[in-house]
Amino acid sequence: DTAVSQTPKYLVTQMGNDKSIKCEQNLGHDTMYWYKQDSKKFLKIMFSYNNKELIINETVPNRFSPKSPDKAHLNLHINSLELGDSAVYFCATSRAGGPSSYEQYFGPGTRLTVT
Amino acid sequence: DAKTTQPPSMDCAEGRAANLPCNHSTISGNEYVYWYRQIHSQGPQYIIHGLKNNETNEMASLIITEDRKSSTLILPHATLRDTAVYYCIVRPIQGAQKLVFGQGTRLTINP
């Protein structure tokens with residue numbers, strides 16, 4: 001049973017399209033995150049949700065909108081895709097609060113390629 | 001946020017102990033040291049964390065100096081599957097629970 005799963009694993013699309021990436025966790029964690037890893041391998045936080053409430057929103061374009069329908073899911077919707085959005089996107093989860101919140105469990109990643 | 005410094009790359013022979021250093025000389029009293037690794041094409045994996053005492057789990061040991069300005073992650077018997085980029089991350093107990101990744105150390109285990 002995969003703890004943190006993401007779909008799709010690969011996503012190739014054209015500029016201007018709208019796409020979604022889904023994340024599901026079965027760990028019962030309260031907090032979920034989205035990270036982006038660019039072509040230079042820098043890994044950076046984008047968003048985090050705690051109990052379906054947005055708590056971290058880094059400087060991310062408005063074209064990116066996370067949605068958390070329930071505690072086990074955090075989806076990432078991207079409008080009007082641009083070439084610079086090409087990256088690997090990782091979902092992660094953790095318990096809420098204290099040192100345990102930094103023990104984060106990552107999904108396998110979704111490699112997004114915008115052409 | 002405390003800054004961390006790690007060597008960009010290291011090599012280790014299979015079966016030997018891999019010792020990965022991290023300098024965090026500006027760490028403050030309420031900041032923990034976390035270690036993650038990222039194996040090629042996979043998501044980052046949590047390894048271990050500590051505040052001031054040495055810690056050990058099934059994956060690794062973490063040695064933190066008495067002044068807390070540096071730490072060493074020890075993989076006691078490295079295998080080829082331990083080849084990965086290892087990240088040392090310092091985070092405060094309170095505050096936004098985001099991980100801030102640096103460039104890490106690319107550890108290569110050689111047969």
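Below, chains carry the letters A, B, ... as their sequence lines are ordered, and counting in each starts from 1.
- Counting non-hydrogen atoms of neighbouring residues, nucleotides and ligands closer than 6.0 angstrom, the CG atom of A/D70 exceeds 12 such neighbours.
- Counting heavy atoms from C-beta outward, B/L99 and A/F106 have side chains that approach closer than 4.5 Å.
- In this structure A/F90 satisfies the ring-ring contact (aromatic ring centres under 6.0 Å, His included) test with no other residue, sequence neighbours excluded.
- Environment of CZ in A/R63: crowded, with over 12 heavy atoms of neighbouring residues, nucleotides or ligands closer than 6.0 Å.
- Judged by distance alone, with hydrogens and angles left aside, the side-chain atoms of A/Y102 form no donor-acceptor pair with the main-chain N or O of B/V90 at under 3.5 Å.
- Looking at A/L43, both its backbone and its side chain come within 4.5 Å of chain B, counting heavy atoms on both sides.
- Atom CD of A/Q37 is separated from atom CD of B/Q38 by 4.0 Å, given to the nearest 0.5 angstrom.
- Heavy atoms of other residues, nucleotides or ligands lying less than 6.0 angstrom from NZ of A/K71 number more than 12.
- For A/R95, the side-chain contact (heavy atoms from CB on, under 4.5 Å) partners two or more places apart in sequence, or in a different chain, are A/H29, A/S100.
- Ranking A/G109, A/P99, A/A92, A/P108 against chain B, the residue ahead of the rest is A/P99, based on heavy-atom pairs under 4.5 Å.
- With rounding to the nearest 0.5 Å, the separation of CZ in B/F101 from NZ in A/K41 is 13.5 Å.
- Of the two parts of A/Q6, neither the backbone nor the side chain holds a non-hydrogen atom closer than 4.5 Å to a non-hydrogen atom of chain B.
- For the atom pair CD (B/Q103) and CZ (A/F42), the distance works out to 4.0 Å, reported to the nearest 0.5 Å.
- For chain B, no part of A/S48 is nearby; none of its heavy atoms comes within less than 4.5 Å.
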